Amino acid sequence: MKNVRLYAYAFSNFGDDLFIKIICERYPHVQFTLYAPRSYKKTFAQMRNLTVIANDSLFRRVSNLISRKWTFWRGLSGKRYDAVVYIGGSLFIQSANWKQELEKLKAMQLKDKPFYILGANFGPYTDNEFYLQHRKLFESYTDICFRDTPSYQLFKEIPNVRIAPDVVFTLQIPQSVQAANRNSVAISVIKPSIRMHLIGYDDSYYKKISEIATYFIRQDYHVQLLAFCAYEEDHEATKKIHAYIPASMTNKVTAHLYEKDPEKMLQLLSQADIIIASRFHAMVLGWLLQKPVFPITYSQKMIHVMQDVGFEASYSTVDQIERVTPESVFRMKDQAPLAISAQIKHAENQFKKLDMFLQD
């Protein structure tokens with residue numbers, strides 16, 4: 001049995017937890033090790049080939065501090081692993097402290113061990129040095145597979161760089177998830193202002209979502225407000241939106257915060273007649289579940305993937321949401337499902353190189 005050191009965005013984000021679920025289920029004969037908050041032991045309690053080492057315990061924090069000073073510790077611990085995999089989406093966004101983040105990225109590599117990046121997109125960035133430093137690092141990787149064309153175009157001359165649709169297109173929907181519609185609308189929400197370029201848009205976004213929700217309620221729909229990530233304050237958004245909905249209608253609104261149960265969120269999405277997707281993976285899962293989807297994009301990464309899959313229906317950006325009418329969103333429930341059989345097939349290529357190594 002091969003042992004793989006797994007890196008992921010371990011902040012209880014529904015989409016990123018699906019990445020962990022997918023890769024562990026794909027390779028049941030491989031033992032994965034993930035350093036993550038203790039709560040992840042519960043989230044993936046049934047995943048027998050995943051070992052979660054709590055990184056939020058006092059012992060682990062002290063160990064991490066020591067390991068930063070004793071560089072040989074990483075080399076010794078690396079002997080346990082046959083490879084390193086970093087799976088995620090927005091892994092390479094330029095921040096104010098991007099140089100420190102780059103050093104952390106370099107530290108993930110283990111001497112003489114293959115290193116794989118799966119499912120990522122690159123940017124946004126404004127500094128050419130950010131691009132050049134990452135390009136140099138990418139050249140040292142065994143394999144890096146982007147999920148959108150603009151990211152791939154930036155690095156396509158590097159031999160180990162590839163492209164394939166998002167990892168979640170490969171998700172096997174559990175049999176326990178029922179797809180029957182129940183006259184409901186699922187709305188994945190965000191708090192816009194945690195993103196620097198959307199500071200100042202919270203109130204207009206919350207008011208418009210509440211208007212859309214109210215319109216659906218008047219058409220006899222139940223509204224499911226879905227918060228994919230507490231760390232990014234999605235649950236605060238559900239509270240603000242709920243407060244704008246008339247009190248006489250709030251019995252038709254239910255808020256759900258993702259907590260350690262991916263199948264519950266999948267169930268809510270599968271039972272909706274339409275999905276209004278402010279979250280990237282609400283959009284992808286909507287297509288995968290063959291639901292009508294109205295995307296509300298908070299970054300170019302959503303638009304890039306919409307272009308790649310040939311999505312030509314209506315959508316809005318967060319900063320232009322005031323222009324959206326509830327009636328136009330409601331009409332979207334009658335749109336034909338997006339044809340994504342090609343994306344499902346090609347998404348398997350995310351794992352092409354890793355398959356060759358792990359199944360050797």
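Since this is a predicted model, take the numbers as computed values, not measurements. Positions are given from 1, in the same order as the sequence printed here.
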Participant: Linking Ile, Leu, Val, Met, Phe, Trp and Tyr through side-chain heavy atoms less than 4.5 Å apart, which residues share a cluster with Tyr9?
Facilitator: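 Once heavy-atom contacts under 4.5 Å are chained together, Tyr9 belongs with Phe11, Tyr231.
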
Participant: Around atom NZ of Lys353, are there more than 12 heavy atoms of other residues, nucleotides or ligands at under 6.0 Å?
Facilitator: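 No, not enclosed.
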
Participant: Look only at the side chain of Gln350 and the backbone of Gly119, and say whether a donor-acceptor pair between them is shorter than 3.5 Å.
Facilitator: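 Checking the backbone N and O of Gly119 against the side chain of Gln350, a donor-acceptor pair under 3.5 Å is found.
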
Participant: Quick check on salt bridge (Lys or Arg N to Asp or Glu O under 4.0 Å): which of Lys239, Lys240, Arg279 does Asp234 satisfy it with?
Facilitator: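 Only one of Lys239, Lys240, Arg279 forms a salt bridge (Lys or Arg N to Asp or Glu O under 4.0 Å) with Asp234, namely Arg279.
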
Participant: Within 45 degrees of the axis of the six-membered ring of Tyr7 and under 6.0 Å from its centre: does Arg5 put its NZ or CZ there?
Facilitator: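 Pair Arg5/Tyr7 counts as cation-pi.
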
Participant: If you measure only the distance, is there a donor-acceptor pair under 3.5 Å linking the side chains of Ser193 and Asp202?
Facilitator: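 Short answer, yes.
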
Participant: Is Arg195 close enough and on-axis enough to Tyr298, meaning under 6.0 Å and within 45°, for cation-pi?
Facilitator: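 Positive - Arg195 is close enough to the ring of Tyr298 and near enough to its axis.
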
Participant: May I ask you to check whether Phe122 and Phe155 place their ring centers less than 6.0 Å from one another?
Facilitator: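 Ring-ring flag for Phe122/Phe155: true, centres closer than 6.0 Å.
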
Participant: Quick one about Thr254 and His222 (side-chain donor to acceptor, distance below 3.5 Å, no hydrogens or angles considered), yes or no?
Facilitator: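 Thr254 and His222 do have a side-chain donor-acceptor pair below 3.5 Å.
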
Participant: Can you give each donor-acceptor pair under 3.5 Å made by side-chain atoms of residues 339-348, sequence neighbours left out, with the distance rounded to 0.1 Å?
Facilitator:
unit_1	atom_1	unit_2	atom_2	d
His346	ND1	Ala342	O	3.2
Glu348	OE1	Arg26	NH1	2.7
Glu348	OE1	Arg26	NH2	2.9

Participant: Kindly confirm or rule out a cation-pi arrangement of Lys264 over Tyr258, judged by NZ or CZ under 6.0 Å from the six-membered ring centre and within 45° of its axis?
Facilitator: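 Pair Lys264/Tyr258 does not count as cation-pi.
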
Participant: In this structure, are over 12 heavy atoms from other groups packed under 6.0 Å from Gln172 atom CD?
Facilitator: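 Open.
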
Participant: Using the test side-chain hydrogen bond (donor to acceptor under 3.5 Å, both in side chains), find all partners of Asn13 that sit at least two apart in sequence or belong to another chain.
Facilitator: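 Applying side-chain hydrogen bond (donor to acceptor under 3.5 Å, both in side chains) to Asn13 gives none.
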
Participant: Check whether any side-chain N or O of Glu233 sits under 3.5 Å from a backbone N or O of Lys191 as a donor-acceptor pair, and report yes or no.
Facilitator: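 No: the side chain of Glu233 does not pair with the backbone of Lys191.
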
Participant: Sort and list the pairs that fulfil side chain to side chain donor-acceptor pair (under 3.5 Å) and have at least one residue in residues 244-253, not counting sequence neighbours.
Facilitator: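 As it turns out, the side chain to side chain donor-acceptor pair (under 3.5 Å) pairs with a partner in residues 244-253, which skip direct neighbours, are Asp203-Tyr244.
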
Participant: Is it true that, when you exclude Tyr221 itself, more than 12 heavy atoms of the residues, nucleotides or ligands shown sit nearer than 6.0 Å to its OH?
Facilitator: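 Buried by this count: over 12 neighbours within 6.0 Å.
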
Participant: Specify the closest pair of heavy atoms between Pro262 and Phe14, including all atoms of both residues, with the distance to one decimal.
Facilitator: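 Scanning both residues, the minimum pair turns out to be O-CE1, 3.5 Å.
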
Participant: Using 4.0 Å as the upper bound for N to carboxylate O, is an ion pair formed by Glu157 and Arg135?
Facilitator: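 Salt bridge: yes.
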
Participant: Could you tabulate the donor-acceptor pairs under 3.5 Å formed by side-chain atoms of residues 138-145, not counting sequence neighbours?
Facilitator:
unit_1	atom_1	unit_2	atom_2	d
Ser140	OG	Gln109	NE2	3.3
Ser140	OG	Leu137	O	2.6
Thr142	OG1	Phe115	N	2.9
Asp143	OD1	Arg162	NE	2.8
Asp143	OD2	Arg162	NH2	2.9

Participant: Using 4.0 Å as the upper bound for N to carboxylate O, is an ion pair formed by Lys333 and Asp273?
Facilitator: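 Between Lys333 and Asp273 there is no salt bridge, as every charged N stays at least 4.0 Å from the carboxylate O atoms.
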
Participant: Could you tell me whether the side chains of Asp166 and His281 share a donor-acceptor contact shorter than 3.5 Å?
Facilitator: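 Side-chain D/A pair, Asp166 to His281: present.
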
Participant: Inspect the contact between Lys207 and Glu322 and indicate whether a charged nitrogen and a carboxylate oxygen are less than 4.0 angstrom apart.
Facilitator: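 Salt bridge flag = no for Lys207 with Glu322.
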
Participant: Does the side chain of Lys260 come under 3.5 Å of the side chain of Ser12 through a donor N or O and an acceptor N or O?
Facilitator: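 Judged by distance alone, the side chains do not pair up.
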
Participant: Assert yes or no for the condition that the ring centre distance of Tyr116 to Tyr86 is strictly below 6.0 Å.
Facilitator: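 Aromatic pair excluded; centres sit 6.0 Å or further apart.
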
Participant: Output yes when a side-chain donor or acceptor of Ser278 lies under 3.5 Å from a complementary backbone atom of Ser188, and no otherwise.
Facilitator: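 It does hold such a pair.
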
Participant: With the side chain counted from C-beta on, respond yes when Thr51 and Leu34 share a heavy-atom pair under 4.5 Å apart, and no when they do not.
Facilitator: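 Not touching, per the 4.5 Å side-chain cut-off.
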
Participant: With salt bridge (charged side-chain N to carboxylate O under 4.0 Å, His left out) as the test, would you mind laying out the steps for Lys99 and Glu129 before giving the verdict?
Facilitator: CA-CA 10 Å; Lys99 291 184 178 179; Glu129 186 185 357; 3.8 Å; yes

Participant: Taking ILVMFWY side chains as joined if any heavy atoms are under 4.5 angstrom apart, and letting links pass through other members, which residues group with Met1?
Facilitator: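 The other cluster members (ILVMFWY side chains, heavy atoms under 4.5 Å, direct or chained): none.
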
Participant: What are the two closest heavy atoms between Leu288 and Val168, and how far apart are they?
Facilitator: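 Shortest heavy-atom separation between Leu288 and Val168 comes out as CD2-O, 3.5 Å.
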
Participant: Assess whether ring-ring contact (aromatic ring centres under 6.0 Å, His included) is satisfied between Tyr125 and Trp98, documenting all intermediate values.
Facilitator: CA-CA 10 Å; Tyr125 70 97; Trp98 70 263; 9.8 Å; no

